[in-house]
Amino acid sequence: MANYNIDETRVYAEGYSGGGETMSQVMGKRPEIFTAYLQCSSQWDGAYESVVENRTPVYFVIGESDEYYGSEPTRKAYETLREMYRNEGLTDEEISQILVLDIKDADYFESRGMTNQHGGGGLFAQDEEIMGWLFEK
């Protein structure tokens, strides 16, 4: 980052599908590089401890019936991080500022012309609420 004109307070990461699996590994190793992370239609494969230690904001979003991953691995990752934050003494309000679980139902995709929830994960990049959360961090 020292070689380019980068505002180090505004470095965001997004991982979609297999890219989310890879990015979660990066987050597990170097979360301090990023202002916030958006994981879309994926599963968490990285470590959790460094994310909690650094308190890097993470937004999980996936379709309830994602054809590739299902939503359970995302719920599990969210709950793991949430419990670790509780163990660190954070309140629910404090946790909600840095950790979000957003499970979209079938209507979210169908109302936008998508019949496939995993492929429909591309819609998240156009969702003002999701992207607003990311860029407000």
Side-chain angles (χ1 to χ4, degrees):
M1 282 196 261
N3 295 322
Y4 297 95
N5 186 17
I6 295 173
D7 179 349
E8 293 183 20
T9 67
R10 299 183 61 82
V11 178
Y12 303 97
E14 186 270 338
Y16 172 73
S17 192
E21 291 183 61
T22 302
M23 195 60 217
S24 73
Q25 291 182 28
V26 172
M27 293 301 294
K29 294 177 191 283
R30 297 292 309 274
E32 73 280 0
I33 294 172
F34 303 98
T35 306
Y37 171 50
L38 171 62
Q39 181 164 301
C40 303
S41 304
S42 191
Q43 70 181 22
W44 191 276
D45 289 341
Y48 298 104
E49 295 78 12
S50 58
V51 174
V52 171
E53 182 179 307
N54 195 65
R55 295 201 168 120
T56 305
V58 177
Y59 191 114
F60 292 101
V61 61
I62 194 165
E64 185 174 43
S65 299
D66 183 279
E67 297 84 2
Y68 192 78
Y69 294 100
S71 58
E72 193 54 35
T74 295
R75 288 179 200 273
K76 192 176 197 180
Y78 170 82
E79 289 300 330
T80 298
L81 284 168
R82 186 170 187 77
E83 186 62 27
M84 291 175 77
Y85 281 126
R86 281 188 181 131
N87 291 340
E88 291 286 315
L90 274 69
T91 66
D92 286 343
E93 184 177 327
E94 290 170 322
I95 295 169
S96 71
Q97 296 300 308
I98 56 175
L99 187 62
V100 175
L101 175 62
D102 189 357
I103 306 289
K104 301 295 188 189
D105 63 15
D107 185 59
Y108 177 89
F109 300 96
E110 292 167 5
S111 68
R112 291 163 175 81
M114 296 298 293
T115 58
N116 176 293
Q117 290 187 13
H118 188 73
L123 294 168
F124 304 147
Q126 301 168 23
D127 188 303
E128 290 182 19
E129 183 178 319
I130 294 169
M131 299 310 291
W133 177 92
L134 182 67
F135 295 127
E136 287 173 5
K137 298 296 174 197

Colleague: With the side chain counted from C-beta on, respond yes when Y59 and D102 share a heavy-atom pair under 4.5 Å apart, and no when they do not.
Modeller: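 Y59 vs D102: side chains touch.
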Colleague: Would you call E94 and Q97 a side-chain contact if the rule is heavy atoms closer than 4.5 Å?
Modeller: no
Colleague: Answer yes or no: is there a side-chain heavy-atom contact under 4.5 Å between T80 and W44?
Modeller: no
Colleague: Looking at every heavy atom in both L123 and Y108, which two are closest together, and how far apart are they?
Modeller: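 Minimum heavy-atom contact is O-OH, 4.1 Å.
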Colleague: Over all heavy atoms of both residues, which pair between Q117 and D66 is shortest? Give the atoms and the distance, please.
Modeller: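 Reported closest heavy-atom pair: OE1-N, 3.3 Å.
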Colleague: Mind checking whether M84 and E49 have side chains closer than 4.5 Å, heavy atoms only?
Modeller: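 Yes, their side chains come closer than 4.5 Å.
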Colleague: Which heavy atom of Y85 sits nearest to which heavy atom of V51, and what is that distance?
Modeller: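 Looking at all heavy atoms of both residues, the closest pair is OH-O, 3.4 Å.
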Colleague: Check step by step if side chain to side chain contact (heavy atoms under 4.5 Å, CB included) holds for L90 and I98.
Modeller: CA-CA 11 Å; L90 274 69; I98 56 175; 3.8 Å; yes
Colleague: Could you go step by step and tell me if Y69 and E21 meet the side chain to side chain contact (heavy atoms under 4.5 Å, CB included) rule?
Modeller: CA-CA 11 Å; Y69 294 100; E21 291 183 61; 2.4 Å; yes
Colleague: Side-chain contact test, heavy atoms from C-beta onward, threshold under 4.5 Å: evaluate it for L38 versus F124 and give yes or no.
Modeller: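 A side-chain contact under 4.5 Å is absent here.
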Colleague: Run the numbers on K104 and I130 for side chain to side chain contact (heavy atoms under 4.5 Å, CB included), then give the verdict.
Modeller: CA-CA 12 Å; K104 301 295 188 189; I130 294 169; 4.1 Å; yes
Colleague: For S42, does its backbone N or O pair with a side-chain atom of T74 as donor and acceptor, under 3.5 Å?
Modeller: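 Such a contact is found between T74 side chain and S42 backbone.
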Colleague: Roughly how far apart are Q43 CD and Y68 OH, rounded to 0.5 Å?
Modeller: 8.0 Å
Colleague: Taking all non-hydrogen atoms of both residues into account, name the closest pair between G121 and S41 and its distance.
Modeller: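 Heavy atoms of G121 and S41 come nearest at CA-OG, 3.5 Å.
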Colleague: Would you say Q39 and Y78 are linked by a side-chain donor-acceptor pair, where the criterion is simply a distance under 3.5 Å?
Modeller: no
Colleague: Less than 4.5 Å apart, side chain to side chain, heavy atoms only: is that true for Y37 and P31?
Modeller: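 Not touching, per the 4.5 Å side-chain cut-off.
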Colleague: Transitively linked via ILVMFWY side-chain contacts under 4.5 Å: V26 with Y48?
Modeller: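 In one cluster with V26: Y48, yes.
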Colleague: A quick test of your reading: do over 12 heavy atoms of other residues, nucleotides or ligands sit less than 6.0 Å from CZ of R30?
Modeller: no
Colleague: Side-chain heavy atoms under 4.5 Å apart, restricted to Ile/Leu/Val/Met/Phe/Trp/Tyr: what other residues fall into the cluster of Y16, or is it alone?
Modeller: none
Colleague: Write down the atom of H118, the atom of S17, and the distance for their closest heavy-atom approach.
Modeller: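 The answer is NE2-OG, 2.9 Å.
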Colleague: For the residue pair E64 and S71, what are the closest heavy atoms and their distance?
Modeller: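 Answer, listing the atom of E64 first, then S71: O-OG, 3.1 Å.
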Colleague: For a 4.5 angstrom cut-off between non-hydrogen side-chain atoms, does D92 reach R82?
Modeller: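 Yes; the side chains approach each other to less than 4.5 Å.
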Colleague: When you compare the side chain of F109 with that of T115, does any pair of heavy atoms fall below 4.5 Å?
Modeller: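 With C-beta onward as the side chain, the pair stays apart.
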Colleague: Between R86 and E83, is the closest basic N to carboxylate O distance under 4.0 Å?
Modeller: yes
